[in-house]
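Here's the structure we're looking at; comments come further down.
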Amino acid sequence: MSYKPQISNVTKAGSNEKNGLYEFIVSLADGTKCRVFYNRFPEWKMTNVSRLGKTPCPVCRKDFICKCMEKFSTDIDQQMKDGEWLSNAVAE
């Protein structure tokens with residue numbers, strides 16, 4: 001069975017609006033939380049994604065830092081854009 005991340009909530013963790021840089025905390029349906037960085041100019045572009053070390057990785061089951069979420073960055077990015085999570089989180 002392959003892993004498929006599903007976004008359940010997004011909150012803005014920080015921003016530098018002058019430069020168009022944003023940091024979001026993304027909660028996934030399985031309880032995993034990720035930190036996602038975006039650059040807004042010229043259009044929304046994900047620059048980095050990393051899992052927060054609060055729960056084991058759902059892919060490799062490690063408790064420490066891993067790069068597994070980078071493999072799913074396109075899925076997470078597409079969900080952020082399709083579900084209008086970016087505009088909703090920035091509006092907060």
Side-chain angles (χ1 to χ4, degrees):
M1 184 170 95
S2 64
Y3 180 70
K4 176 126 173 83
Q6 190 67 31
I7 296 176
S8 62
N9 192 25
V10 176
T11 56
K12 184 169 84 170
S15 67
N16 180 338
E17 294 183 18
K18 179 181 176 190
N19 294 329
L21 303 174
Y22 292 86
E23 175 186 359
F24 300 102
I25 302 297
V26 176
S27 301
L28 302 177
D30 63 0
T32 304
K33 291 191 178 199
C34 298
R35 178 170 278 130
V36 181
F37 295 92
Y38 272 89
N39 188 342
R40 188 173 187 167
F41 302 122
E43 60 186 41
W44 286 105
K45 181 179 192 254
M46 181 186 288
T47 58
N48 192 17
V49 59
S50 61
R51 180 182 57 85
L52 295 176
K54 297 182 182 214
T55 59
C57 176
V59 179
C60 68
R61 309 308 295 164
K62 293 180 181 174
D63 280 345
F64 50 88
I65 297 172
C66 65
K67 301 211 180 255
C68 293
M69 286 299 145
E70 290 179 6
K71 298 174 192 170
F72 303 101
S73 62
T74 54
D75 291 338
I76 294 171
D77 184 39
Q78 194 62 45
Q79 288 181 43
M80 291 283 284
K81 291 176 180 172
D82 291 347
E84 298 181 3
W85 291 107
L86 292 169
S87 57
N88 293 341
V90 169
E92 289 179 357

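No hydrogens, no waters, no symmetry mates; every other heavy atom, side chains included, goes into these values. Everything quoted here is computed from the prediction, not taken from an experiment.
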N/O donor to acceptor pairs below 3.5 angstrom from side-chain atoms of residues 24-40, sequence neighbours left out:
from  : atom 1 : to    : atom 2 : distance (Å)
Asp30 : OD1    : Thr32 : N      : 3.1
Asp30 : OD1    : Thr32 : OG1    : 2.9
Asp30 : OD2    : Tyr3  : OH     : 2.8
Asp30 : OD2    : Thr32 : OG1    : 3.4
Arg35 : NE     : Glu23 : OE2    : 2.5
Tyr38 : OH     : Asp77 : OD1    : 2.6
Asn39 : OD1    : Phe41 : N      : 3.2
Arg40 : NH1    : Tyr22 : OH     : 3.3

Specify the closest pair of heavy atoms between Glu70 and Val49, including all atoms of both residues, with the distance to one decimal.
CG-O, 3.7 Å

Grouping I, L, V, M, F, W and Y whenever their side-chain heavy atoms are under 4.5 Å apart, do Leu21 and Trp85 come out in a common cluster?
no

Closest heavy-atom pair, Gln79 versus Pro5, reported as atoms and distance to 0.1 Å, is NE2-O, 2.7 Å

Contacts satisfying ring-ring contact (aromatic ring centres under 6.0 Å, His included) that involve residues 46-71 (not counting sequence neighbours) are none

Show the atom names and distances, to 0.1 Å, of all donor-acceptor pairs under 3.5 Å that link a side chain in residues 10-17 to residues at least two apart or in another chain.
from  : atom 1 : to    : atom 2 : distance (Å)
Asn16 : OD1    : Lys18 : N      : 3.4
Asn16 : OD1    : Asn19 : N      : 3.3

Any chance you could measure Asp75, atom CG, to Met69, atom CE, to the nearest 0.5 Å?
10.5 Å

Between Asn88 and Glu84, does any side-chain donor sit less than 3.5 Å from a side-chain acceptor?
no

Atom NZ of Lys81 with >12 non-hydrogen neighbours under 6.0 angstrom:
yes

Between Arg51 and Cys66, does the side chain to side chain contact (heavy atoms under 4.5 Å, CB included) criterion hold? Intermediate values first, please.
CA-CA 8 Å; Arg51 180 182 57 85; Cys66 65; 3.7 Å; yes

